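All of these numbers come straight from a predicted model, not from anything done at the bench. Along the sequence shown, the residues carry numbers beginning at 1.
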Amino acid sequence: MKLKLKLIGLALWPALAAAQTSPAAKVQQGAQPRVLTSTDSLMIRQLYFSAIREKTIENFSLAGEMFNRILQMDPRNDAAMYELANIKKQGNDYATAQQLLETAVELKPDNEWYWVGLASTYEKTNNIQKLENVFTQLIRINPNNPDYYLDKANALAIAQKYDAALAVYDDLEKITGPTDELLSKRQRIYLSQGKVDKATAALKEAIDNNPGEVKYYLMLGEIYNSNGFNNEAINAFQKALKIDPQNGYAHLELADVYRNTKNYEGSFNELKLAFAIPGLPLDQKVRILMGYVPKFPDPNAKASALELSRILVNTHPDEARAYAVYGDMLLQNQKYKEAKEPYRKSISLNDKIYAVHEQLVRIELGDSDFSGAIKDGENALTLFPNQAWMNYLVGVAWAQKKNQQKALGYLKNATSLETQDKDLLSQCYSAIGDCYHELKNDQQSDAAYEKSLTYNPDNAYTLNNFAYYLSVRGVQLDKAEGLSKRSNEIQPSTASFEDTYAWILFKQKKYREAKEWIEKALVHDKDHNAVQTEHYGDIMFYLGDVEAAVQNWKKARSYGAQSSVLDRKINEKKYIE
């Protein structure tokens, strides 16, 4: 527990006049002070001011040497001890600082700043027992400073001397009169003693004296709630709401009590009321929403968070974060298209939050809105040009729009901006491989796929695409088979990967194995893929079932496949390369 020492660290220097009759770093019992000549005194004065100057410009090493020289000349110089102790504390040498200050206060017991400095060393070394005496001395020197009473009471409370701490608060109240701070601190003491009745009695008295003050009802309700008096807590918070129906904290506290009593509907209703109050800070509401995230496998938690986030944007219509959080909750509830507008609204209110831009572009890519992804992604890059992931996403969007040259520009930018993220680098080089394949540059395409796999040997999409394009060209079929087999091990039951493996087996004339894999692909395909269906026909032809082959070729055409080769297969009832 950190003690409250507001005065510690202030650059208040003791008057130098005392330096010429000051003691050494450690007072010797019976030691006679050295008689200083006028020359000694002048040299000490000059050294002191030189040391202060060096300390002011943060040349602590030289300043420390100078203060040490003063103490060698005048071992009883308390001012030098004080300054040297502060330098020692800067270097975290609290043991030496403590010795110096203990000597200084012994010699000058009425110097307030020496005691304050000593208190900070005891605080750092957690010497609570000695702290109590320090604050006793500070109160003796400056009895009107309330901080010293509070610090002494804190030290006593840490030492579990609760009654003594309460007595100090009583002394302080004679100076300041009753205050909310004193009321709160006494509550902590009473609760530490297990005296809930005394803690609540003091608050009830405050309520009797100030029946219109909501804060006392809230404090009373919190004590009841934290100690399991649920009905009393509910009563206190409801009284607070009668006085101030728009008090968001009272609704939050009620939500907490209802949750503790397993009244989840009541708890959620109170949360909704709290979220609808503009005066309750947005940050606090966002923290509550983030508390739902660990529970998100539960659809009820997702739905609750979504409803609260919807209230959030209605209550805070000018806050970018509110819309960003709403977009996130829509995303978590798989409402991808609906999430786009809140993200756009968030960006319109504050375009300096990169994560919101990236979420928007990712959704647009997932929704096949490639034009939107390019527009919003390029806008984001005008603000955040060095974001590698955004360069990658825009590159992918351009690739989907069949502009391979533009795509390559963004993808290569991404690889130059990122050197550590192996997943991103693997994805980038995989996409570069796709682009070069489309440009008929097989050498560059293969090199890019190889590089992708150096960053992530288990990139299933790279393995699949590399394998497929090798098989289409009819080269390195054994390598293609190994790549494709691995992609299916990493990501089983993926129709496109199974189709690739079937096609490679077909190219290797392993028709029965090819049939087994293409049938797996067709089972896992939910979209009537024309290419896979045509491949099934090709395989069935080489297995001698011409009727099944033609039937599947026709089915592929009904699924949207259009080519003169497919037409010839159907018309001539034979496989054509």
Side-chain angles (χ1 to χ4, degrees), residues 2-131 133-135 137-138 141-142 147-148 151:
K2 187 169 179 66
L3 295 171
K4 181 180 176 186
L5 296 170
K6 292 185 178 177
L7 298 176
I8 290 173
L10 293 180
L12 296 169
W13 300 327
L16 185 62
Q20 296 174 16
T21 56
S22 319
K26 193 73 178 172
V27 175
Q28 302 290 332
Q29 285 293 332
Q32 295 298 315
R34 173 186 171 187
V35 178
L36 298 175
T37 67
S38 58
T39 301
D40 291 335
S41 297
L42 179 60
M43 186 177 295
I44 289 171
R45 181 185 293 273
Q46 289 173 341
L47 264 176
Y48 185 87
F49 282 115
S50 295
I52 292 294
R53 183 171 60 250
E54 295 301 325
K55 178 188 169 187
T56 302
I57 62 175
E58 298 186 358
N59 190 350
F60 298 118
S61 178
L62 181 55
E65 291 175 13
M66 290 179 173
F67 287 127
N68 267 317
R69 285 175 60 192
I70 292 171
L71 290 172
Q72 288 169 3
M73 297 172 66
D74 179 9
R76 298 174 63 82
N77 192 307
D78 56 282
M81 290 178 199
Y82 174 77
E83 295 296 346
L84 184 57
N86 286 335
I87 290 172
K88 294 297 183 183
K89 284 191 281 188
Q90 288 263 351
N92 294 320
D93 184 359
Y94 289 98
T96 302
Q98 179 177 315
Q99 291 176 359
L100 288 162
L101 288 165
E102 283 175 342
T103 303
V105 299
E106 188 174 342
L107 294 162
K108 288 290 168 59
D110 293 335
N111 188 304
E112 184 174 352
W113 313 120
Y114 292 178
W115 285 107
V116 169
L118 184 57
S120 75
T121 65
Y122 289 153
E123 181 192 11
K124 279 290 185 180
T125 57
N126 203 31
N127 196 331
I128 303 301
Q129 185 176 357
K130 288 189 175 181
L131 265 175
N133 178 61
V134 170
F135 293 121
Q137 296 301 322
L138 283 167
I141 295 166
N142 188 352
D147 288 334
Y148 296 153
D151 288 336

Apply side-chain contact (heavy atoms from CB on, under 4.5 Å) to the pair V105 and Q137, showing each step before the final yes or no. CA-CA 10 Å; V105 299; Q137 296 301 322; over 6 Å; no
Is any side-chain heavy atom of F60 closer than 4.5 Å to a side-chain heavy atom of N86? no
Matching residue for L100 among K89, E83, M81 - test: side chain to side chain contact (heavy atoms under 4.5 Å, CB included): M81
Show the nearest heavy-atom pair for residues L138 and E112, with the distance to one decimal. CD2-O, 3.5 Å
Non-neighbouring partners of T96 that pass side chain to side chain donor-acceptor pair (under 3.5 Å), sequence neighbours left out: D93
So OG of S50 and CZ of R45: to nearest 0.5 Å the spacing works out to 12.5 Å
Within the distance-only criterion (no hydrogens, no angle test), does the side chain of W115 pair as donor or acceptor with the backbone N or O of F135 below 3.5 angstrom? no
What is the minimum heavy-atom distance between I87 and G64, and which atoms define it? CD1-N, 3.7 Å
Hey, does Q99 have a side-chain heavy atom less than 4.5 Å from the side chain of T103? no
Roughly how far, to the nearest 0.5 Å, is the CD1 atom of I70 from the CD atom of Q46? 11.0 Å
What one should report as the nearest heavy-atom pair of K55 and A63 is N-CB, 3.8 Å
A85 and L101: which non-hydrogen atoms are nearest, and at how many Å? CB-CG, 3.6 Å
Give the C-alpha distance, both sets of side-chain angles, the deciding distance and a yes or no for side-chain contact (heavy atoms from CB on, under 4.5 Å) between F67 and I52. CA-CA 9 Å; F67 287 127; I52 292 294; 3.9 Å; yes
How long is the gap from CG on N77 to CZ on R69, to the nearest 0.5 Å? 13.5 Å
Residues in side chain to side chain donor-acceptor pair (under 3.5 Å) with N68, at least two apart? none
Test of understanding: with ring pair (Phe, Tyr, Trp, His ring centres under 6.0 Å), list the residues that count as partners of Y122, not counting sequence neighbours. none
Supply the atom-to-atom distance K88 NZ to T121 OG1, rounded to the nearest 0.5 angstrom. 14.5 Å
Reported CD-to-OH distance for the pair E123 and Y94, which is rounded to 0.5 angstrom: 9.0 Å
Could you check whether any side-chain heavy atom of I141 comes within less than 4.5 Å of a side-chain heavy atom of W113, counting everything from C-beta outward? no
Is it the case that the side chains of D78 and Y114 hold a donor-acceptor pair, with the cut-off being a distance below 3.5 Å and no angle test? yes
Atom pair NZ/CG of K124 and N92 - distance to nearest 0.5 Å: 7.0 Å
